[in-house]
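Have a look at the structure below before the remarks.
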Amino acid sequence: MTERTTPQIELSAAQASEFWTGKRKQRFWRGVQTILILIAAFIMLIPIIWIFLAAFKSHVEVYQLRLFFTPTLENFGTVFEEPYDLGSKLYNSTIVAFVTVIFAIPIATMAAYSFSRFRLKFETTILVVILATQFVPAVVIILPFFIMFRDVGLLDTRLGLILVNLAIVMPFAIWMIKGFIDGIPMDTEEAAMVDGSSRLQVIKNIVLPMAAPGLVTASIFCFILAWNEFLFALFLTNREAVTLPIGLALFRGEEGDLWNLLSAAGIIIMAPMFVLALAIRKYFVQGMTMGAVR
Amino acid sequence: MRDQTLKYLLVLPAVLVVFATAVWPLIESLRFSFYQGRTDRGDFPQNWLGFENYEWAFLYEPAFWNSVYVTALYTIITVALTTLFALGLAMLLAPGGKLRSGVQTLLILPFAMSPALIGVSFRFMFNPEFGLFDAFFGVVFPPLADVSWLADPDLAFAVIVMADVWGWIPFLTLVLIGGLASVPQDTIEAAQVDGASGWRVFKDVTLPQLMPVLAVVIILKAIFSLKTFDQVFMLTNGGPGTATQTLSHYIYITSTRYGQVGYAASVAWLMVIPMMVLTYFYAKFVFKKD
């Protein structure tokens, strides 16, 4: 760092004018920044807006590059009719995501508490392995599952999808919940134990209520991951257990893509995720990076 | 129950799940890679081949090398572009205020959009007849007016890069804003008082402080770029030809369309190796903090 200049009390005329141009310059740059921010926000939203608009267009209007049109709700009805039957995919997605979360969160919470409050043998190794499994390409671990499911009849079942989805969700859940429990001060727990509570009572009566918002956040996060999961569902389902993201392929007809229907289906897939993502926006980054950047 | 027993009992179910859903299939994949494994020939896997699957990939499969090339180029370009744009956007949004925090909230939205859906929307927007981007580029730069983006190998590659960069900028920006918040404000102010220009302050004060976060972001993005599948599948399905066929897509095709699971497993394991290197560095950064 260079040394600071001494404060100057008297401003010469030149300095005064420089002060003013400086201020104007500052205001100019602030304006430029605002414009850049607005442009960036717009670019980020275009694909979403475009899909949103197309979902309300008629079959004919999609093929015209127009901003103004008579909106229709027809597409949202059509996608649930034969032959598309998006309802069954919606049902599959909902069941798979819910059950995945219901299994993952309690198991992850138990482990997270232990990692947070105790010293375990090989603790770091176990945590690194769990972290690393998040980075393994899905395409690698899906091959053995594909063969095994084929042999035991789990191909194209919701149960099969739930099992493999646990692979995606577990590392996130464990690290995220560990982060929340790390943040809960230990004194209440210790005081309760001095008063004669057992460790399990402490977990049930003190830790779980205090960690509840964190558990909800982690559940939502895992739900989004399971809902948007694509590759496992692509490999392991073909008729019965098809989920929403794979269902998008339905709208690729022989005469090309049916964009208005695709868009309507897209809205049905992403709308609930928008709401959930906004609900946990504070923790989104933390969940994705697992507390690496805090 | 004694804590000594309890602490391991609590971890056990999670370890079992991780083992069953990630470690076991990883090892099983490795085993497959040494066998002839074809789904259309009854018992699986069939004959022990040793390293023949790997040899086959290296020596006789131009498609394998093509997908390595596509993936490497894709990773380098998307990591560089996403990081640069996200850094710029983070610098713009970090100071706070109503507009800025509003836009920060908007950044969550694209992230709720699954990669598959991003692929769909970009295919839509680059449609040569009525695509929004197609029309836009035609107006800005007329020679691009009648181009079929997804039919041209280089342009299709450019489009999958654009879709990926678009999808990841928000997340990286949010991480970097978090990083910028931890750069001590008084150091920056001190530098400004000393008359350092905006660029100098950024280069000499902000950037060095941001380095650890930036490193984590780059590693994380590289990992996700390497395994890209969803949006490529929905956007170009590897085409035209194999111009946008990433490794994940190549493995998908060889294992499902051609049923060569043993061979696909060997390629998949070749993919695990760079992933392990990156994960090692990532874990180093994560645990350095504790």
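Here the structure is a predicted model, which is why all the values come from computation and not from measurement.
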Options [options], ranked by heavy-atom pairs under 4.5 Å with chain A, top entry:
options: B/Q104, B/R31, B/M275, B/M276; answer: B/M275
options: B/W269, B/F19, B/W24; answer: B/W24
options: B/V17, B/T256, B/D204; answer: B/V17
options: B/V267, B/V23, B/T39; answer: B/T39

Please answer whether the main-chain N or O of [Y] pairs with a side-chain N or O of [X] as donor and acceptor at a distance below 3.5 Å.
X: B/K7; Y: A/R119; answer: yes
X: B/T279; Y: A/A132; answer: no
X: B/W166; Y: A/I43; answer: yes

Checking [X] against chain B: side chain, backbone, both or neither under 4.5 Å from a heavy atom?
X: A/I246; result: neither
X: A/M170; result: side chain
X: A/S263; result: side chain
X: A/I142; result: neither

Legend entry - Residues B/Y250, A/V139; criterion side-chain contact (heavy atoms from CB on, under 4.5 Å); working and verdict: CA-CA 10 Å; B/Y250 177 61; A/V139 82; over 6 Å; no
Which atoms form the tightest heavy-atom contact between [X] and [Y], and what is the distance?
X: B/P25; Y: A/P144; result: O-CG, 3.1 Å
X: B/T21; Y: A/I141; result: O-CD1, 3.7 Å
X: A/A249; Y: B/M234; result: N-CE, 4.3 Å

Legend entry - Result of checking B/L278, B/I219, B/L220 against A/F135 for side chain to side chain contact (heavy atoms under 4.5 Å, CB included): B/L220
Inset, instruction - Under 4.5 Å heavy-atom distance to chain A, tell me which part of B/F229 shows up: side chain, backbone, both or neither. - result: side chain
